[in-house]
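Just follow the structure's listing: the first ligand is 1, and inside any ligand the first atom is 1.
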Amino acid sequence: MVGHLDADCFYVSAERVRHPDLVGKAVGVLGNNGACVIAKSYEMKAKGVKTGTPIWDAKVLCPDGVYVKRDFYWYEVLSRKMLDIVGSFFSPLEYYSIDEFFFRAIPINHGQTLAQAATAVRDHIRDVAGLPITIGIARTRTLAKLFSDTAKPFGAVAVTDRNHERELLARLPVTEISGIAGRRAARLAPYGIRTCLDLADADGKLVRQLLTKTGYELWLELNGRPVTPIRPARSPHKVLARGGSLMGNVDDPKLLWAWCVRHVERLIEELHYHNVRTDSLSVALAWKNGESTGGLCRLPCPSDRFDELLDAARVALRRAYLPDATATHMHVIAPELRRARGFQMSLFDPPNPKDKAVAAVKTAVNEKFGRFKIRSGTTLHLPAVYRDPANDFDICDVRGKVCF
Ligand SMILES: [Mg+2]
């Protein structure tokens, strides 16, 4: 049996752990530019605020709400704490996302049912970490997630009986399955497939025709045949990237370059952590007019060096750049990773001792005094980004998640 654990409105619950006065209030957590609600409490949800609602609309819908800025560093601290607790009960355990884990479910104490185990762990996490969570246990990951999603908030269900399983599936529309949304559901509708049970009972070949391989795998999992195992460690990254919103509209090339260098610095941190180098660097930009552009620059040999990646980024950004347009998002991507050992260096690549020394000092100071304490002067064009410590740590900096 597989268990799925999911924290209830995790970011809000995490804020309530350190600010207990927020308990019972309508709370919204805002994204990095403070413009959108990225998580909301059930009290705020009841007022009609959704994930993605801009703050100015949210304030109209829920004027008494308390709005706080996200702090992924703190959320990671609690996420690891939860992971430790769950890991002391169940193994193997998969760190799927910052607030979702999968695990092999077994009774914790002799003579205990799985439902009792789920309840005990749920209550234990609330008592020890202060976080409300929901656990679903079923024959496969897809079923476990489905049942925990529908048992929220603060639920603990174990569906071990086949009739119980069918009964629950019959009550759920297919769109409750993550991976089946509007367009896929519309493809199923003409065949009378509306509930999860309809899908489970449908002919596998038909499902494959309608929803391709991924849909077929969901169908197998709905029928209790596990497709995806529990992965206690994530597989190595094939690609690493850093970036995101430019916190507003950027049309000044100097600012674009400052963002690009900031992302290169963060990307290098990741390359070093994973002990990989990249064969090329690409810059992807999203523009306000809806266009998106990309530029790629190949490196003479695989690198994780600031000076070399900076040169590549300059070329890649120039290739992605649209003059007289306004950019909104940027990603700097290392698309071809190589283990940092075991490849041929270029004959014409003498490492510059000065650059090497500068990079070493930068790393040493930042390790001792905190990220970005020493950074490229180019990024000084972004004072607002550095003034707000919420920007020091992003959700992609939480390492080890399978879904990222
Ligand atoms: Mg959650």
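Among the heteroatoms counted here (N, O or S) of Asp6, OD1 is the one nearest to the Mg ion (ligand 1). Restricting Asp99 to its N/O/S atoms, the shortest distance to the Mg ion (ligand 1) is reached by OD2.
Using a cut-off of 2.8 Å, one finds that Ala7 contributes an N/O/S atom close to the Mg ion (ligand 1).
Using a cutoff of 4.0 Å between basic side-chain nitrogens and carboxylate oxygens, Arg266 and Glu270 are not scored as salt-bridged. Between Arg166 and Asp201 a salt bridge is recorded (basic side-chain N to carboxylate O distance below 4.0 Å). Ion pair Lys145/Asp149 flagged as a salt bridge, since at least one NZ, NE, NH1 or NH2 atom sits closer than 4.0 Å to an Asp/Glu carboxylate oxygen.
For the 3.5 Å distance criterion, the side chains of Asp6 and Thr134 fail to qualify, holding no donor opposite an acceptor.
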